[in-house]
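Letters go in sequence order (proteins before strands), and every chain restarts at 1.
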Amino acid sequence: MTMFKARPLQEIILKYRFGKMGVAAVPGSGKTHTLSYLASLLINETDINDDQEILVVTLVNSAVENFSARISRFLIEHGLLPHLGYRVRTLHGLAHDIVRERPDLVNLSDQFQILDEKETIDILSNLVSTWMSSNMDFLQELSIDKIDLQMDSRAIKYWHDELVSIASSFIRLSKDFLLSPLEIGIRIEEFNLDEPLLLMSQKLYLDYQKELVLRSAVDFDDLIRLALIAIRSDPDYLKRLQSRWPYILEDEAQDSSRLQEIILRTLAGNDGNWVRVGDPNQAIFETFTTANPKYLLDFRNEPDVRSNELPNSGRSSHQIIELANYLIKWSQSNLNPIPELRTSLNPPFIIPTPIDDPQPNPPDIPNGIVIYDKVLTPDEEIRLITQSVKKWLKNNPDKTAAILVPRNERGAKIVEELKNSDVAHFELLRSSVSTRLVSKKLSNALFYLSEPSSNRKLCKLIETLYKSEEEDSNALLFSSIEFIKKLSNSEDFLYPLIKDELNWEIDALNISSELGEYLLFFQAQINKWHQASILPVDQMILIIAKDIFTNPNDLALAHKLSLFSRDLSRNNQNWQIEDFANELLSISNNQRKYLGFSEEDNGFNPSDHKGKVVVATVHKAKGLEWDKVYLMSVNNYNYPFAQNEDGHIAEKWFVKDKRNLQAEVLQKLRALDKKDPAELYMQNTYSKEKDRLDYASERLRLLYVGITRAKQEVVLTYNNGRFHNQKKSIPVEALSDFQTFNEIRE
Amino acid sequence: MNESLSQLLPSEINSSKIFLEGPKGAGKTSSALKYLENLMNSSIPGDSILILIPQRTLGQEYYDFIQKNDFPGSSRPTIVTMGGLARRMLEIYWPIIIGKAGFEKSENKPIFLTIETAQFYLSKIVSPLIEKGFFDSVKIDHGRLLSQILDNLNKSAIVGFPYQDIAERLKSSWVGKPEQKIVFDEVQTCVEQFRILCLENNFLDFSLQIEVFQKYLIKQKIFSNNFYDKYQHLIYDNIEEDYPVAHQICQAWMQDFQSALLIYNSNGGHRVFLGADPQSAYLLKNTCTSHIQQPETHLISKPMQSFQTQMKAAINQSPLSSVDHSPEIYQVDVFHNFPEMVISVCDNIQKLVQNDHIRPENIAILSPYLSDSLRFSIQDELAKNNLPAHAIKPSRNLIDEPLIKALIAFAKLAHPSWGMHPHQNNIRDMLVLFIQDMDMVRADLLSRIIYRNKNDKPELHSFDQIHSDMQKRVTPLIGEKYEKIRIWLNAYQKQSDLPLDIFYSRVFSDLFSQTGYIFQMNSEKSELLAVLIESIRKFRDAINNTYASNWTDFGKDYIELVDNRLIAAQYTQSWLQTSEQGVKIMPATTFLLSNRTAKIQFWLDIGSMGWWQRVNQPLTHPYVLSLNWQENTIWTDTHEYQSNQKVLTRLVNGLLGSCTQKVFLCVSNFDEHGNQNRGPLLKALQKVLRQRQNFRK
């Protein structure tokens, strides 16, 4: 083991060769590195053959390339060929592989499409609008008294969004339970249920699935469900896959969903080799998905599972580790006012790395932890952080920093302020910067081609495509644009009636030869794109892309976008160029997640962004680390603690009695799944409190994740919200007390 | 000519029944041509010779031979597929079988359905059923749904089992969830309703042509007498690519032919998924009096043969022999992204053409799938270096051709009663394409001003009505050409609708072949229009009765078919294949099916599972509906795996067997869609490479 100096507890993991093993790893314990190295050892030291692979399953796309690159590097160091003998996939990627290889088992044609989140929400949105149009009276009954839906279009919009959200969660959970809309319908009839929201959800699910059939498409949740059906349908197929993947290494297992566990358990088989690594304290996807850390906790307690821990972490300074450990201790203690939340965080505690460790903890520094105590308005909080970051970056150009926000909307606001204050920053959002830039350029080109007689769109296009980041080198470009603007009729520039008229014009206006060449270049290029604009959309995109991109990753993305547009055109035969431009715009505006080929798409490295502050949601920051972390908006709205005065995002203000409709419907669905008459028929079986506790529990872990992203400095701030009625979150209050105590002690 | 075959004297030739067997490149077809020549030299009239082939493209060498030898038309041998023969004979003998085969309109002529017209009629049956919830559990587009239902019927006919058994066969082999079996019952309902429709209307789709021919016609004495009177000699090439019923018919005929030469390609069978059955073909050997083997291929070099053997062994997990392959026969190139691979392949081709003087037509770019984006990327990249390229993609649609799209929009504009009104962008594209010297900016300006679609009434305004400044911008010359189109359309709309093909002929002669418009002196574009007209005409011939001269509905239905992408390869293929010049770009299977060779082959994205995996068809099954499938056996993954292994072995064997100089094996880390693939072909290559490394060590 020359290439990886393992710690003693890591050594134990690396000695694994067969059976089942569950590992609880603290933040920064090097679990990705350990798991990657273990994969390389299994390839090198066990007798797996050329047709077999170590299957590594991880949570997010950005981790896939990270794993893949590390394993490849280790393989080369072992003297083996890279890229072979293993496969790294997210659960969706794995499900896609399984379904794509035997689509016949699940009645799919081999050209099935996978709809992304935006497309599925668009479908649901249309279905909900139709449903609402004939159910306004029912919604009026559910609304608070002061709302009159006849008059209040804003309230209708709120209801629309809420119903889309309810339907979306209902469909997702139904698919997790492997319940078809028909099956749910049968059970509703069987139990003679007459619950309008349940009936609505079932109907929307039914209509939604019909829409997918019309498009020959599946959604992401279908993929997972279908993968399980495929391997359950044909035992021979399962056997072949089991033979192909003799080892399964699962990362981030705390975020495993029920189906993920079933699929991997099925693939591993009773006597299979399955390693699950995760940190239950970092389980932060329960609200959005059907993930649950209990699967990992239960797995570790199974009799044939070896249970290990990776408690050492060299990521953070001692004082930050102490803060994070205190959060665990506090949450488990009597100081935590809510007994039900005393099991949200659990040991192992983080232990600093031993002496002589290759990854020693960074030293403590004065003011390494700041829990800002002053009440701020939301705007003040943004301004305060912007100023602090600006100053810090100036003094620490070689260090990394991040602002972590609870939600994307808050991120957009801080980014706006950073821009206004000239603070170098980088947004880590749904799609990568390069993906958004490529989409933006292509969408602008398409917008122009939808109206080629528009001089304004032409000038905008030229500016978008050719404007350099270095302002100084744009003089020629702006002169060209000015020239085109002055012509007012773009045909005079692009298609002068007399041959060489443009040349004469250039001569007559005494334009420099450099600018003249520039103009002629634009003319030739745009003329070529005009010719391309009559071709099918995929071919048009490819032609434009070849002219405007040179980077191979951008070209690959453009190729992928061309296929994406082609699929869209198949489902929308009447679409015009402008419609495709709008779809590309939705990627560039970050309304739609789209995976490109850049480094950022396949693995984000914070140290590539020294001197800039990265803005990300806490969820997106998982697995990453920075020297300094600003954890924003830690108030009782974003980090509620099951208190009445807390903000509860799921309890909508416009719903009578502030009911949590989504939770109510999902509770009924769970009861239908279990066919549990007690839960189905008893009055008031739904408990709003339970949902509040579940949510608070997850947000507590989110706070823990946020704190443990910091290496040397962490700053926590909060604001009093839009109505100035929010306050510091209870766990943050506890951390403040701890910090104050420490300061006094020192 | 092969030794044994050449030893046959003319007198023996015309009385022998020979089974000639050998791999591709062994010279079998050359021998057959020599044999044909001998037959004809021994005063046997050409028109007594029947040359059977499984698909038309496989008869090319025979067509060329006959062409070259300039046989008078009347004494030319007949070159035909079994399906083609069935159709010809049914046309002739229709009166004697109509009553026997269950057709209802005994007084009417047969109507032979093309794939499009069959899909059209089937669609009329399927669409209302879909409304009722049929096929809800299947994710498949409408065109494929129709073609797979028809495929089931065709399989029953060419394999020779009753079409009533289709669902039972599919259901009894189904391994998936039992509730999914319902789709097979739904298929059965559609198939049976379609068959009733055909019998009621004297429609003969492909399945009925084969069924009626085999079950009724060939058993008629009058037919056999006339048939054997006309044909005494049979040459049947590539029998392994034909289907069992064709073999059964041939078997029945063998004793009555004076002579026969049956040619079997021992490493063929590439059309298995289309119903070909090499096993039943091989049984025909028993009907022959002599058996000749030509085991040696002369087409590819020894090193290539050795590489071929290694790859086959690697795919089948057999031990590899110790060989150090010469880098001259194959090269492995690895890329990160798909476009990088495409660019590099095109660069390599440029070098091969320029430096090594390889002719572009001797180069083939092969991939498991050929998306339009890929085809276009390659053609565009090659065009940069003025390299001609020729893509063959069986499923390309008419509507993807911009000119056809514009012509379709023009027809919609001319027929407002269809209620299919074009968008302003379509009008703009039409103007650019139809009017010479029209540019996109002026076309956009003009279309925005003159085209109105208010209250669902599309209208083109007169150029004279627009503002003079705008007239100046668009130019009076263009205005004049536009006005001619508008006036023509107005005049046309005042009369009753013409059949769509005649409408287009009129558009061509009255308008667009005139000076200043697109088709004037542009043969390539005129040819495209001719393809469209031909397609409509055939469609009209087949479904004439349905419309009873209601040309409005006819035109609308045809245009809907094109819009819905149901008019595809069959008509377009002819023009796709007109040019043999340039680099060939095609799916690997298509390359093999067309029996081609290439000096240089580029295999794209060899990590793709597409090299191994069969095209999935949720409503049918090529193996379960084959002759050799044992009923009530469940099709499991073991069968799937084994059949895919066979397909890959056959594919690699066939491709390398037709690569006379060098193969470039291209690996792309990410495929077109951004997926990472490491399929069995890549893994097999890895084994071969590792063996080579070990050998060198």
Side-chain angles (χ1 to χ4, degrees), chain A residues 50-51 81 83-84 87 96 100-112 210 212-213 216-218 229 233-237 239-240 450-453 489-491 494-495 497 530 533-536 538-539 542-543 546 552-553 555-556 559-560 562-563 566 570 573-574 576-577 595 597, chain B residues 135-141 144 175-177 180 183 317 336-340 371-373 376-377 380 400 402 405-406 423 425 429 432-433 439-442 444-445 448 473 475 563-565 609 613 615-618 621 636-638 640-641 669-670 672-675 678 680 683 686-687 690:
Chain A
D50 281 345
D51 294 315
L81 292 167
H83 300 305
L84 287 166
R87 178 185 305 225
H96 192 205
R100 210 160 37 129
E101 198 163 325
R102 290 296 308 278
D104 54 315
L105 289 174
V106 286
N107 276 2
L108 288 176
S109 77
D110 45 7
Q111 290 195 335
F112 70 89
K210 280 187 184 161
L212 295 191
V213 170
S216 301
V218 296
I229 292 172
S233 299
D234 188 341
D236 285 4
Y237 185 39
K239 222 184 283 170
R240 181 154 65 88
S450 71
E451 194 185 349
S453 54
N489 298 334
S490 56
E491 70 272 17
L494 294 167
Y495 300 99
L497 286 173
H530 282 163
S533 69
I534 58 168
L535 293 170
D538 52 336
Q539 298 171 24
L542 286 173
I543 288 187
K546 275 191 183 167
N553 288 336
L555 283 166
H559 194 104
K560 190 174 162 184
S562 81
L563 292 164
R566 172 87 177 165
R570 291 248 159 96
Q573 284 172 14
N574 294 324
Q576 302 298 324
I577 299 179
L595 201 63
F597 294 83
Chain B
F135 305 114
D136 257 4
S137 58
V138 193
K139 303 274 164 63
I140 185 170
D141 68 53
R144 282 167 169 250
V175 71
K177 287 173 94 178
Q180 287 175 5
V183 295
Q317 279 134 36
H336 185 57
N337 288 326
F338 209 76
E340 283 177 67
S371 71
D372 284 333
S373 298
F376 182 78
S377 298
D380 191 47
D400 290 334
K405 197 175 171 188
H423 187 272
N425 285 355
D429 294 352
V432 165
L433 282 164
D439 61 73
M440 191 52 91
V441 178
R442 291 182 175 89
D444 191 51
L445 272 179
R448 282 172 192 277
R473 282 183 69 181
T475 78
D563 271 350
N564 291 330
R565 315 183 71 80
M609 290 295 283
Q613 219 170 340
V615 174
N616 174 48
Q617 300 164 303
H621 201 295
T636 67
D637 190 68
T638 306
E640 186 76 31
Y641 175 80
N669 197 14
F670 290 99
E672 274 188 288
H673 300 270
N675 300 319
R678 293 184 187 122
K683 286 184 180 164
Q686 170 73 0
K687 280 183 213 166
R690 194 175 287 181

Name the option with the most non-hydrogen atom pairs under 4.5 Å to chain B; the candidates are A/L542, A/N489, A/I577, A/L555. A/N489
Can you tell me which portion of A/L535 sits under 4.5 Å from chain B's heavy atoms? Options are side chain, backbone, both or neither. both
Top residue by heavy-atom pair count (under 4.5 Å) with chain A, among B/R473, B/E340, B/K405? B/R473
Side-chain touch B/F376/A/D538, heavy atoms, less than 4.5 angstrom: no
At what distance, to the nearest 0.5 angstrom, does CZ of B/R442 lie from OG of A/S490? 9.0 Å
Heavy-atom closest pair (B/N425 atom, B/H423 atom, distance to 0.1 Å) is N-ND1, 2.9 Å
Side chain from CB out, backbone as N, CA, C, O: work out which of these in A/E491 comes under 4.5 Å of a heavy atom of chain B, or both, or neither. both
Are side-chain N/O atoms of A/D50 and B/Q686 paired as donor and acceptor at under 3.5 Å? no
Working to the nearest 0.5 angstrom, can you tell me the gap between B/L433 CG and A/I534 CD1? 4.0 Å
Using heavy-atom distances under 4.5 Å, tell me whether B/K683 contacts chain A through its side chain, its backbone, both, or neither. side chain
For the residue pair B/F670 and B/H336, does the interplanar ring angle fall in the parallel (under 30°), tilted (30 to 60°) or perpendicular (over 60°) class? perpendicular
Can you check whether B/D141's main-chain N or O pairs, donor with acceptor, with A/S216's side chain at less than 3.5 Å? yes
Where does A/K239 contact chain B at under 4.5 Å (heavy atoms): side chain, backbone, both or neither? neither
Relative to chain B, which segment of A/L494 carries a heavy atom at a distance below 4.5 Å: side chain, backbone, both, or neither? side chain
Separation between CE of B/M609 and CD of A/E101, rounded to the nearest 0.5 Å: 3.5 Å
Between B/N616, B/V441, B/T636, B/T475, which residue shows the highest count of heavy-atom pairs closer than 4.5 Å to chain A? B/N616
Among A/L105, A/D234, A/L108, the residue with the most heavy-atom pairs under 4.5 Å to chain B is A/D234
Only pairs of heavy atoms separated by less than 4.5 Å count here; which of A/P536, A/S233, A/S562 has the most with chain B? A/S233
Under a 4.5 Å heavy-atom cut-off, does chain B meet the side chain of A/L84, its backbone, both or neither? side chain
